[in-house]
Structures are given as C-alpha cells and as structure tokens.
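What you are looking at is a predicted structure, and each value in this text was computed from that prediction instead of being measured.
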Amino acid sequence: MKKFLVFAALLLVTVSASALEPWKQDRSKRFVEGYGHISKSEGVNYSAGGAFVWGKQKTKGFFLGAGTGLRYVHSVHEIEDLGEGTRILYYGDEAVIPVFIRARFGRVRPGKVKPFLTADIGTAINFGKEANTKGFFFEPQIGLDLTENIYLTLGVDTRHFLRRSLISIRDVTGAIRDPEKKVQGIMSTGLSLHLGYSF
C-alpha cells in the first residue's frame, strides 16, 4: 500500500508538471517590420516607416500584442486656380508615431509557408506644429509566412486626417495670404504592405 501511495504521488506530480509546462514556457513573440502605404483617396499620397510589435501567442492560432513605430506621411497638395488667386489645399508632410493593438489569426506551423489574417487598430500621435495627420486608424491584413521568421502582408489602411485649406491671392505687388482656414476631419483609405521578421 505504501509503495502504491508513493507511486500515485509521483504520478500526480509528473502529470501536474506536464500540464503546467506550456505555461512555464516563454510564449512571447516579437515582430520587426517595414511598412509602406499608397492611396488615391483624399488625404495622402503615400507613407512609409517601421514598427515593433510585442505580444503573446495565446494559442497555436491566436496572437495578441501591442506595437509602436515611426511613419513618414507624404501629403496631397491640390491647387485650384480661382482666377484672382489660388486656393491651396494642404495636409503637411509629417512624421507620426503609431500606437496600436494587433491581433493575428492563423495556425503556427514553423518552417511551412502558410496564410494568416491580422488586424491593427490604434491611433497616430503627432507632435508637429500643424499636426494634420493624427487620430484613429484601422488596418485589416491578409498575410503569408514565407519562412519560419519572415512574413509579408497586404492590407487596407484606413486613417483619419485633418484637412486645412489656405487661400492665397496674388497681385502685381506680390502675394497676400488670407488667414481663413477650414478644419475638417476626413478619412483616407489605401493599400498597405508589410515585410517583417518575427522572433
């Protein structure tokens, strides 16, 4: 009986240790990636930058994490001739800091080419004087793990911009700028491309 109790105790400890082993392992996952965005809609021509994402692989098919980085935004400049002057719509070429949450759905099979879905939702922080580019953005993506560590995603990036319009009137004496400005929130949507490395 004593031997049976000792055996049962050892078996219980072994089973418990095996059950807890996955939680002892480091399930953290990190991503470093380059980013590009191009758009034909109102608000931006293109942007580029990089990001770092850190989070936890909750299950074999679900990752949840947070990220930040730096993006350069090249804006649209539209010029309309009004006869007596020129109306210029501008948004400002700016650097912004994205802060976002990322969720990724897809089976983890190291060493195999595999598709996955991911989505980023967050805000763009702008410390610039004009701060035309800032606020909410949402980016669903479809991706492909090319190797165990390298991946590529294509997404639809929707973001918020502030539009300011400036009236410039030119005459024979030079240029007189009317201080009238309009501020209007707009949404710009375009295609994004991410090339990243996970570790």
Side-chain angles (χ1 to χ4, degrees), residues 26-58 62-79 87-106 116-143 149-167 177 179-199:
D26 182 10
R27 289 171 169 255
S28 65
K29 196 172 182 69
R30 293 161 291 277
F31 302 89
V32 177
E33 61 187 33
Y35 162 89
H37 169 274
I38 187 168
S39 174
K40 289 293 185 181
S41 65
E42 186 178 24
V44 65
N45 284 124
Y46 64 83
S47 62
F52 175 79
V53 182
W54 179 89
K56 292 285 187 178
Q57 191 73 43
K58 299 297 184 180
F62 179 63
F63 167 85
L64 184 64
T68 187
L70 184 65
R71 292 181 181 178
Y72 168 77
V73 181
H74 175 73
S75 343
V76 173
H77 292 71
E78 300 176 1
I79 302 176
R87 180 169 182 263
I88 304 173
L89 300 179
Y90 72 97
Y91 309 91
D93 293 345
E94 299 169 307
V96 300
I97 299 173
V99 179
F100 56 92
I101 295 173
R102 171 171 295 177
R104 170 173 162 155
F105 307 88
F116 61 88
L117 297 175
T118 186
D120 295 343
I121 183 169
T123 187
I125 301 172
N126 192 330
F127 297 104
K129 182 178 179 181
E130 294 293 336
N132 292 313
T133 306
K134 64 181 181 180
F136 167 85
F137 72 88
F138 175 62
E139 186 182 5
Q141 307 158 54
I142 183 168
N149 301 105
I150 300 174
Y151 63 92
L152 185 70
T153 69
L154 179 66
V156 178
D157 192 357
T158 298
R159 61 180 72 183
H160 177 260
F161 289 87
L162 295 176
R163 182 177 69 183
R164 289 180 168 85
S165 58
L166 171 66
I167 306 298
R177 295 191 177 276
E180 177 188 353
K181 287 188 176 183
K182 297 178 181 178
V183 178
Q184 178 184 357
I186 61 174
M187 300 299 292
S188 175
T189 299
L191 294 178
S192 66
L193 185 69
H194 296 249
L195 178 61
Y197 179 80
S198 64
F199 57 98

K.L.:
Just verifying a value: how many Å separate Arg159 CZ and Thr189 OG1, rounded to the nearest 0.5 Å?
P.N.:
9.5 Å
K.L.:
Begin from the C-alpha positions of Ile101 and Leu64 and carry the test side chain to side chain contact (heavy atoms under 4.5 Å, CB included) through to its verdict.
P.N.:
CA-CA 8 Å; Ile101 295 173; Leu64 184 64; 4.0 Å; yes
K.L.:
Mind checking ring-ring contact (aromatic ring centres under 6.0 Å, His included) for Phe137 and listing every partner two or more places apart, or none if nothing turns up?
P.N.:
none
K.L.:
With sequence neighbours excluded, tell me which residues meet side-chain hydrogen bond (donor to acceptor under 3.5 Å, both in side chains) with Thr118.
P.N.:
none
K.L.:
Go through the steps for Phe62 and Phe105 under the test ring-ring contact (aromatic ring centres under 6.0 Å, His included), then give the verdict.
P.N.:
CA-CA 5 Å; Phe62 179 63; Phe105 307 88; 5.2 Å; yes
K.L.:
Which atom names give the shortest non-hydrogen contact between Lys58 and Arg27, and what distance separates them?
P.N.:
O-NH1, 3.3 Å
K.L.:
Under the side chain to side chain donor-acceptor pair (under 3.5 Å) test against Ser192, which residue among His37, Glu139, Gln141 passes?
P.N.:
Glu139
K.L.:
Testing the basics here: between Asn149 and Phe199, what is the closest heavy-atom pair and its distance to 0.1 Å?
P.N.:
ND2-CA, 4.5 Å
K.L.:
Nearest 0.5 Å please: distance from the CG atom of Asn126 over to the NZ atom of Lys134.
P.N.:
7.5 Å
K.L.:
Can you list everything that forms a ring-ring contact (aromatic ring centres under 6.0 Å, His included) with Phe31? Sequence neighbours excluded, please.
P.N.:
Phe63, Tyr151
K.L.:
Determine, step by step, whether Thr123 and Phe136 satisfy the side chain to side chain contact (heavy atoms under 4.5 Å, CB included) criterion, reporting the C-alpha distance in whole Å, the side-chain angles of both residues, the deciding distance to 0.1 Å, and the verdict.
P.N.:
CA-CA 4 Å; Thr123 187; Phe136 167 85; 5.7 Å; no
K.L.:
How close do Ser188 and Ser39 get, heavy atom to heavy atom, and via which atoms?
P.N.:
OG-OG, 3.6 Å
K.L.:
I need the minimum non-hydrogen distance between Lys29 and Ser198, along with the two atoms involved.
P.N.:
NZ-OG, 4.1 Å
K.L.:
Does Ile97 form a side chain to side chain contact (heavy atoms under 4.5 Å, CB included) with Leu70? I'd like the steps, not just the answer.
P.N.:
CA-CA 5 Å; Ile97 299 173; Leu70 184 65; 4.2 Å; yes
K.L.:
Roughly how far, to the nearest 0.5 Å, is CG of Asp157 from CZ of Arg71?
P.N.:
5.5 Å
K.L.:
To the nearest 0.5 Å, how far apart are CG in Leu195 and CG in Leu152?
P.N.:
6.0 Å
K.L.:
Does any donor atom in the side chain of Asp120 or Tyr35 lie under 3.5 Å from an acceptor atom in the other side chain?
P.N.:
no
K.L.:
Within this structure, what is the CZ-CZ distance for the pair Phe100 and Phe138, rounded to the nearest 0.5 Å?
P.N.:
13.5 Å
